[in-house]
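Following: one structure in structure tokens, then a few remarks.
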Amino acid sequence: MKTKKFLSMAALALVGAMMTGCSNDDDILQPENKTNVVTLTATVGFDDAASTRAVTGTGVKTFAADDQMAVIYKNTSGGTVKAVGTLASGAGTKSGTFTFTLTNPDKTQNVTYIYPAAMAGSTDVDYTKLNSQEGTLTDLGSKYDLATNSGAWNAGALPSLTLNNQLAILAINLKNGSTDITSNITDMTISDGTNTYAVDFSATAGPIYVAIRPTTGATINVTATDGSKNYGKTLATTKTYAAGNGYNVTWNMSEMTTITWNSSNISDLYISGTGDSYSKEGITLSVNADQISAEWQDYGDESMNGLRFNTNENSGGFTFTAPTGQYFTKIEMTLIGQGGWDGANLGTGWAYAEDFDDMIMDMIRKVTWTGTAATTVDLLTGASHFHGENVKSIVFTVY
């Protein structure tokens with residue numbers, strides 16, 4: 001342990017007394033140094049059992065030169081403080097020594113190590129940092145491959161601890177049919193129903209490496225794009241990805257397609273009352289309560305024609321159901337006007353937006369649903385006495 005040396009308060013007082021004794025004209029006051037800044041070292045290691053991780057070519061996790069680790073500690077004022085140290089020795093091995101400078105540490109309180117330091121917030125692990133990743137092995141290893149542990153001070157020295165891996169690592173290859181599309185992917189999202197991870201991938205070859213929080217029996221939804229084509233997949237079985245493990249996975253993605261409802265194919269739409277429904281192009285719109293209806297209205301004027309949604313008291317709203325075996329990723333409804341829609345309780349995932357189109361010199365108004373891929377999407381489930389402007393068209397994005 002390296003310690004910066006400071007004069008004790010008794011020594012400072014003695015110096016002050018000596019200096020006062022040498023002067024008959026002035027009282028010389030020696031300022032008190034109440035700040036205890038100490039430089040300490042900590043030796044930590046990785047669990048030898050974590051050999052299935054996909055973070056090196058051999059699956060072995062080791063420290064690298066210039067690695068940084070954070071220590072979270074309590075100071076003598078009761079505050080929680082973060083300090084960051086750089087690897088002093090141990091590069092290329094599973095045991096490393098880091099150097100930290102701490103201010104007024106309370107050595108009666110445990111400390112927590114967070115590796116790499118990029119995953120540390122001001123007082124604890126910041127898991128939101130996983131939400132945006134680059135998908136490369138180098139980026140994952142230096143920023144996201146989280147390992148932590150906590151322990152008590154060891155006779156005034158920082159504890160030596162074994163760091164425990166907190167995340168699962170996915171090494172992902174994507175296919176569309178028999179064609180590998182991994183190297184063409186520019187953006188990908190992975191959702192487990194609780195957490196969503198966005199990957200901005202610019203490498204020329206896969207796999208795409210992603211660090212995720214552990215899952216147990218989770219439904220995994222994946223979307224990806226190569227800039228011109230969009231892909232999606234919901235894994236057929238629920239997945240358990242354990243902390244400390246690496247998984248090599250290949251997912252066969254479906255290309256997303258759009259289905260449009262408009263005057264050309266739903267001019268006969270009329271549904272009213274609980275259980276009534278209408279299907280077109282594999283998509284079903286159903287009514288969830290009495291005194292609720294949806295009807296295509298034809299005024300003989302294309303600028304006015306559209307689908308009218310009406311709800312009265314005790315609204316249960318409407319439900320869209322995707323074609324069998326497929327999932328919605330987006331539903332976009334273009335409106336005749338804003339009336340009713342801009343202030344309505346549309347439901348989870350829905351939003352109203354408008355934008356002026358210079359080409360047609362008119363306002364474009366839309367109500368759009370986005371969210372985790374779903375087989376059903378509810379609309380206006382909490383809206384009573386809703387009578388919005390007509391809907392000119394609905395475009396469904398599915399995979």
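Small disclaimer: the values here were computed from a predicted structure and weren't measured.
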Mind checking side-chain contact (heavy atoms from CB on, under 4.5 Å) for N230 and listing every partner two or more places apart, or none if nothing turns up?
T225, M256
So which atom in A88 and which in T99 form the shortest heavy-atom distance, rounded to 0.1 Å?
CB-OG1, 3.8 Å
Exceeds 12 heavy-atom contacts within 6.0 angstrom, atom CG of D66:
no
What I want to check is whether the side chains of Y197 and N131 have a donor and an acceptor closer together than 3.5 Å.
no
Distance alone, cut at 3.5 Å: any donor-acceptor contact between the side chains of T43 and T97?
yes
Step by step, would you call D67 with Y115 a side chain to side chain donor-acceptor pair (under 3.5 Å)?
CA-CA 9 Å; D67 267 357; Y115 172 90; 2.5 Å; yes
Decide yes or no for L163 and Y113: does some side-chain heavy atom of the first lie under 4.5 Å from some side-chain heavy atom of the second?
yes
Keeping the roles fixed (side chain from N252, backbone from G177), state whether a donor-acceptor pair exists under 3.5 Å.
yes
Given the rule in the side-chain contact (heavy atoms from CB on, under 4.5 Å) test, do L285 and W261 qualify, once you have shown the distances and angles that lead to the verdict?
CA-CA 11 Å; L285 173 64; W261 281 9; 3.9 Å; yes
Find out if a path of hydrophobic residues (ILVMFWY) with successive side-chain heavy-atom gaps under 4.5 Å connects I172 to Y247.
yes
So how far is it from N173 CG to I181 CD1, rounded to the nearest 0.5 Å?
10.5 Å
Minimum side-chain heavy-atom gap T375-T321 below 4.5 Å
no
side-chain contact (heavy atoms from CB on, under 4.5 Å) evaluation trace for Y127 with L146:
CA-CA 10 Å; Y127 285 102; L146 176 66; 3.7 Å; yes
Connected via hydrophobic side-chain network under 4.5 Å: V395 and I259
no
For T372, does its backbone N or O pair with a side-chain atom of S191 as donor and acceptor, under 3.5 Å?
no
Among the clusters formed by ILVMFWY side chains lying less than 4.5 Å apart, do V111 and V84 turn up in the same one?
no
Before you tell me yes or no, could you show the steps for L235 and T237 under side-chain contact (heavy atoms from CB on, under 4.5 Å), namely the whole-Å CA-CA distance, both residues' side-chain angles and the distance that decides it to 0.1 Å?
CA-CA 6 Å; L235 303 192; T237 58; 5.7 Å; no
List in chain and number order the residues that pass side-chain contact (heavy atoms from CB on, under 4.5 Å) with S277, two or more places apart in sequence or in another chain; answer none if no residue qualifies.
T284, S286
Full working for side-chain contact (heavy atoms from CB on, under 4.5 Å) between T148 and V125:
CA-CA 9 Å; T148 68; V125 174; 4.0 Å; yes
Solution key, residues 335-354 side-chain donor-acceptor pairs under 3.5 Å, sequence neighbours excluded:
{"from": "Q338", "atom 1": "NE2", "to": "D342", "atom 2": "OD2", "distance (Å)": "3.1"}
{"from": "W341", "atom 1": "NE1", "to": "E389", "atom 2": "O", "distance (Å)": "2.8"}
{"from": "W350", "atom 1": "NE1", "to": "D378", "atom 2": "O", "distance (Å)": "2.7"}
{"from": "Y352", "atom 1": "OH", "to": "E354", "atom 2": "OE1", "distance (Å)": "2.6"}

Check whether any side-chain heavy atom of K74 sits under 4.5 Å from a side-chain heavy atom of T80, and report yes or no.
yes
Nearest heavy-atom contact between A91 and A65 is CB-N, 3.7 Å
Using every non-hydrogen atom in the two residues, find where I72 and S122 come nearest and quote the distance to one decimal.
CD1-O, 4.1 Å
Could you tell me whether the side chain of K129 and the main chain of M119 form a donor-acceptor pair under 3.5 Å?
no
Heavy-atom check, side chain of K143 versus side chain of E134, under 4.5 Å
yes
Tell me which one of T234, T257, V222 satisfies side chain to side chain contact (heavy atoms under 4.5 Å, CB included) with Y399.
T234
For T103 and Y73, work out which heavy atoms get closest and say how close.
N-OH, 3.0 Å
Distance (rounded to the nearest 0.5 Å) between W369 CH2 and I331 CD1
6.0 Å
To check you understand the geometry: which heavy-atom pair defines the closest contact between A218 and D192, and what is its length?
CB-O, 3.9 Å
Between CG on residue N184 and CG on residue L174, distance to nearest 0.5 Å:
10.5 Å
If the plane angle is over 60° it's perpendicular, under 30° parallel, otherwise tilted; pick one for F46 and F63.
parallel
Return yes if some donor-acceptor pair links the side-chain N/O of Q133 with the main-chain N/O of L130 below 3.5 Å, else return no.
yes
Quick one: CD1 on I208 to CG on L137, what's the gap to the nearest 0.5 Å?
13.0 Å
T136 side chain to D139 backbone, donor-acceptor under 3.5 Å
yes
D145 side chain to G141 backbone, donor-acceptor under 3.5 Å:
no
Find the distance between CG (L87) and OG1 (T93) and round it off to the nearest 0.5 Å.
7.5 Å
Could you check if a side-chain atom of W251 sits within less than 4.5 angstrom of a side-chain atom of I190, using non-hydrogen atoms only?
yes
Under 3.5 Å, is there a donor on one side chain and an acceptor on the other for D298 and N305?
yes
Ring centre gap for Y278 and Y270 strictly below 6.0 Å:
no
State plainly whether the residues R308 and E295 are in salt-bridge range, i.e. N to O under 4.0 Å.
no
Whether D290 side chain and T274 backbone form a donor-acceptor pair below 3.5 Å:
yes
Sub-3.5 Å donor-acceptor pair from the side chain of K366 to the main-chain atoms of E332, do we have one?
no
Evaluate the side-chain proximity of I114 to T112: yes if any heavy-atom separation is below 4.5 Å, no if none is.
yes
Is it the case that atom NZ in K233 sees more than 12 heavy atoms from other parts of the structure closer than 6.0 Å?
yes
Do Y231 and T223 make a side-chain contact, defined as non-hydrogen atoms from C-beta onward lying under 4.5 Å apart?
no
Report yes or no: does N154 contribute a side-chain atom to a donor-acceptor pair with the main-chain N or O of A157 at less than 3.5 Å?
no
Separation of L380 CG from T319 OG1 (nearest 0.5 Å):
10.5 Å
Give a yes or no on whether V71 and V81 share a hydrophobic cluster (residues Ile, Leu, Val, Met, Phe, Trp, Tyr; joining criterion: side-chain heavy atoms under 4.5 Å apart).
yes
Counting C-beta onward and ignoring hydrogens, is there a side-chain heavy-atom pair between N310 and F386 closer than 4.5 Å?
no
I'd like to know whether the aromatic ring centres of F309 and F318 sit less than 6.0 Å apart in this structure.
yes
Crowding at NZ, K330 (>12 non-hydrogen neighbours, <6.0 Å)
no
Looking at every non-hydrogen atom in both residues, tell me the closest pair between A120 and A70 and how far apart they are.
CB-CB, 3.7 Å
Between S303 and D301, do the side chains contain a donor N or O and an acceptor N or O under 3.5 Å apart?
yes
Judged by atom type as modelled, is there a donor-acceptor pair below 3.5 Å linking the side chain of Y327 to the main-chain atoms of N221?
no
